[in-house]
Amino acid sequence: MNRDETLPVQDHINLRPLGVIRTPYQQKFAIPRQPNLVDAASGEIVFHTEFSDPNMLRGIEQFSHLWLLFQFHQTVEKGWSPMVRPPRLGGNKKQGVLATRSTFRPNAIGMSVVQYDKVEHKNGRLSLHVKGVDLLDGTPIIDIKPYVPWADSIPEAIGGFAAERPTLMPVYFENQSAKQLAHWQANYPMLSVLIEQVLAQDPRPAYKAEQDSDEEYGMSLYDLNIRWRVSAKANYVVSITHNHEPQAHKD
């Protein structure tokens with residue numbers, strides 16, 4: 001008998017998210033392409049009521065890093081493709097989706113290693129604080145596992161087209177943005193470092209990486225709108241305003 005004929009068939013797997021993570025990233029644009037590239041980006045995993053038993057996290061403080069399994073909830077409805085264009089290849093060359101970390105996957109499941117910070121349990125509300133996140137605000141968390149260095153780190157592993165860390169770009173605050181930054185730092189003490197680390201990764205679309213057109217871009221961090229321009233392979237922060245404030249339009 002052909003062994004393939006005896007394979008069990010399971011059409012669906014039911015997964016219940018443990019909770020959602022709150023992060024500074026309000027939109028996909030500008031999220032680091034990998035975790036721990038921006039260690040100033042903190043996240044708080046807020047557990048749903050049915051998973052709010054603090055015993056679930058007992059002993060987790062023994063581990064410096066954790067694996068997060070999550071769903072790419074904003075792309076799951078868009079379906080998936082067997083071939084994708086990885087940003088590390090300039091967005092021009094196609095690769096098989098399972099040979100990349102693309103968000104457009106058959107089951108829309110992602111994984112990230114993050115830094116453990118602390119656990120909070122107040123008034124029946126259980127949360128886990130982590131650092132170095134690369135997840136969109138509101139992302140459903142499917143599972144959490146300890147990162148075990150001797151098993152999870154393989155120094156001799158080959159990284160394919162993503163073997164090298166990305167080159168960082170310098171970041172400067174122009175006069176207006178520097179004054180605005182001083183104002184917002186009271187609410188977000190790590191804001192300057194967060195902006196610098198995010199922009200240093202060059203969040204622009206991959207095909208614009210070699211362009212130097214002095215074009216202006218915008219991103220949302222927390223409830224703030226950050227505008228910057230790229231010139232001479234450096235980032236210049238133009239303004240930092242509340243998302244509800246009117247923005248000046250370029251002529």
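Starting from 1, each residue takes its place in the sequence as its number.
No path of Ile, Leu, Val, Met, Phe, Trp and Tyr side chains, each step under 4.5 Å between heavy atoms, connects Tyr147 with Val130, placing them in separate hydrophobic clusters. Linking ILVMFWY residues whenever their side-chain heavy atoms come closer than 4.5 Å, directly or via other members, leaves Leu18 and Val113 in distinct clusters. Follow the hydrophobic side-chain contacts under 4.5 Å out from Phe173 and you reach Val230 in the same cluster. When the side chains of ILVMFWY residues are joined at heavy-atom separations under 4.5 Å, either directly or via intervening members, Tyr217 and Leu199 end up in a single hydrophobic cluster. In this structure, Ile21 is a member of the same hydrophobic cluster as Met56, with clusters built from ILVMFWY side-chain heavy atoms closer than 4.5 Å.
Side-chain contact, Gln95 with Thr100: no donor N or O sits under 3.5 Å from an acceptor N or O. Side-chain atoms of Ser112 and Asp134 form a donor-acceptor pair, as typed in the model, at a separation below 3.5 Å. For the 3.5 Å distance criterion, the side chains of Gln34 and Arg101 qualify, holding a donor opposite an acceptor. With 3.5 Å as the limit, one finds a donor-acceptor pair spanning the side chains of Asp152 and Trp67.
Taking CG of Leu57 as the reference point, atom OG of Ser52 lies at 10.5 Å (rounded to 0.5 Å). Rounding to the nearest 0.5 Å places CZ of Arg58 at 8.5 Å from CG of Asp53. Here the OG1-CZ distance, from Thr139 to Arg22, works out to 10.5 Å after rounding to the nearest 0.5 Å. Remark: Glu120 CD to Phe47 CZ distance equals 12.0 Å, nearest 0.5 Å. Note that CG of Asp223 and CG of Asn187 are 8.0 Å apart. Values are rounded to the nearest 0.5 Å. For the atom pair OG (Ser102) and CZ (Phe72), the distance works out to 7.5 Å, reported to the nearest 0.5 Å.
Considering all non-hydrogen atoms of both residues, Pro17 and Phe51 come closest at O-CE1, 3.4 Å. Summarising the geometry of Leu37 relative to Pro32, their closest heavy-atom pair is CB-CB, 4.4 Å, with the distance given to 0.1 Å. When every heavy atom of Val97 is checked against every heavy atom of Ser81, the shortest pair comes out as CB-O, 3.3 Å. When all heavy atoms of Lys93 and Pro86 are compared, the pair lying nearest together is O-CD, 3.3 Å. Heavy atoms only, all atoms of each residue included: Val198 and Ala30 are closest at CG1-O, 3.3 Å. Shown here for Gln27 and Gly218, the closest heavy-atom pair between the two residues is OE1-O, 4.1 Å.
Of the possible donor and acceptor atoms, none in the side chain of Asn235 sits under 3.5 Å from a partner among the backbone N and O of Met169. A distance-only check finds no donor-acceptor pair linking the side chain of Asn107 to the backbone of Ile109 [under 3.5 Å]. In this structure, Asp137 contributes its side chain and Tyr25 its backbone to no donor-acceptor pair below 3.5 Å. Formation of a donor-acceptor pair under 3.5 Å by the Ser127 side chain with backbone atoms of Val46 is not found in this model. Looking only at distances, a side-chain donor or acceptor of Gln180 sits under 3.5 Å from a matching main-chain atom of Ile240. Side chain of Gln197 to main chain of Leu194: no donor-acceptor pair is present (N/O by atom type, distance under 3.5 Å, no hydrogens or angles).
The pair Lys118-Glu61 does not count as a salt bridge, with every side-chain nitrogen at least 4.0 angstrom from each carboxylate oxygen. No salt bridge links Asp39 with Lys131; every basic N to acidic carboxylate O contact stays at or beyond 4.0 Å. Salt bridge Arg229/Glu215: absent, no basic N to carboxylate O contact under 4.0 Å. Between Lys179 and Glu174 there is no salt bridge, since none of the side-chain N atoms of the basic residue sits less than 4.0 Å from a carboxylate O of the acidic one.
Atom CD of Glu164 sits in a sparse spot, with 12 or fewer heavy atoms from other residues, nucleotides or ligands closer than 6.0 Å. Other residues, nucleotides and ligands contribute at most 12 non-hydrogen atoms within 6.0 Å of the CE atom of Met111.
Proximity of Leu221 to Gln26: side-chain heavy atoms (C-beta onward) are nowhere separated by under 4.5 Å. Residues Val237 and Ile226 form a side-chain contact, since some pair of their non-hydrogen atoms from C-beta on lies under 4.5 Å apart. Two residues are said to be in side-chain contact when any heavy atoms from C-beta on lie closer than 4.5 Å; Leu68 and Lys145 fail this criterion. When side chains are defined from C-beta on, Ile141 counts as touching Leu135, because their heavy atoms get closer than 4.5 Å. Counting only heavy atoms from C-beta outward, the side chains of Ile60 and Leu66 approach each other to under 4.5 Å. His73 has its side chain within reach of Leu136: a pair of non-hydrogen atoms, C-beta onward, lies under 4.5 Å apart. In this structure the side chain of Trp80 never reaches within 4.5 angstrom of the side chain of Thr75, judged on heavy atoms. Taking 4.5 Å as the limit, every side-chain heavy atom of Tyr116 sits out of range of all side-chain heavy atoms of His129.
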Evaluation steps, side-chain contact (heavy atoms from CB on, under 4.5 Å), between Ile142 and Gln71: CA-CA 7 Å; Ile142 297 172; Gln71 184 188 56; 4.2 Å; yes
Test side-chain contact (heavy atoms from CB on, under 4.5 Å) applied to Arg227 and Glu216, step by step: CA-CA 7 Å; Arg227 307 288 303 181; Glu216 188 173 300; 3.1 Å; yes
For Val84 and Lys94, run side-chain contact (heavy atoms from CB on, under 4.5 Å): C-alpha distance rounded to whole Å, both residues' side-chain angles, the deciding distance at 0.1 Å, then the answer. CA-CA 5 Å; Val84 295; Lys94 288 187 176 182; over 6 Å; no
Does the side-chain contact (heavy atoms from CB on, under 4.5 Å) test come out yes or no for Leu181 and Ser192, once each step is laid out? CA-CA 7 Å; Leu181 177 64; Ser192 63; 3.6 Å; yes
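Between Trp184 and Tyr188, the ring-plane angle classifies as tilted under the 30° and 60° cut-offs. Between Trp228 and Phe29, the two ring planes are parallel [angle under 30°; tilted spans 30° to 60°].
For the side-chain contact (heavy atoms from CB on, under 4.5 Å) criterion with Ile144, the lone passing option out of Val114, Leu69, Leu128 is Leu128.
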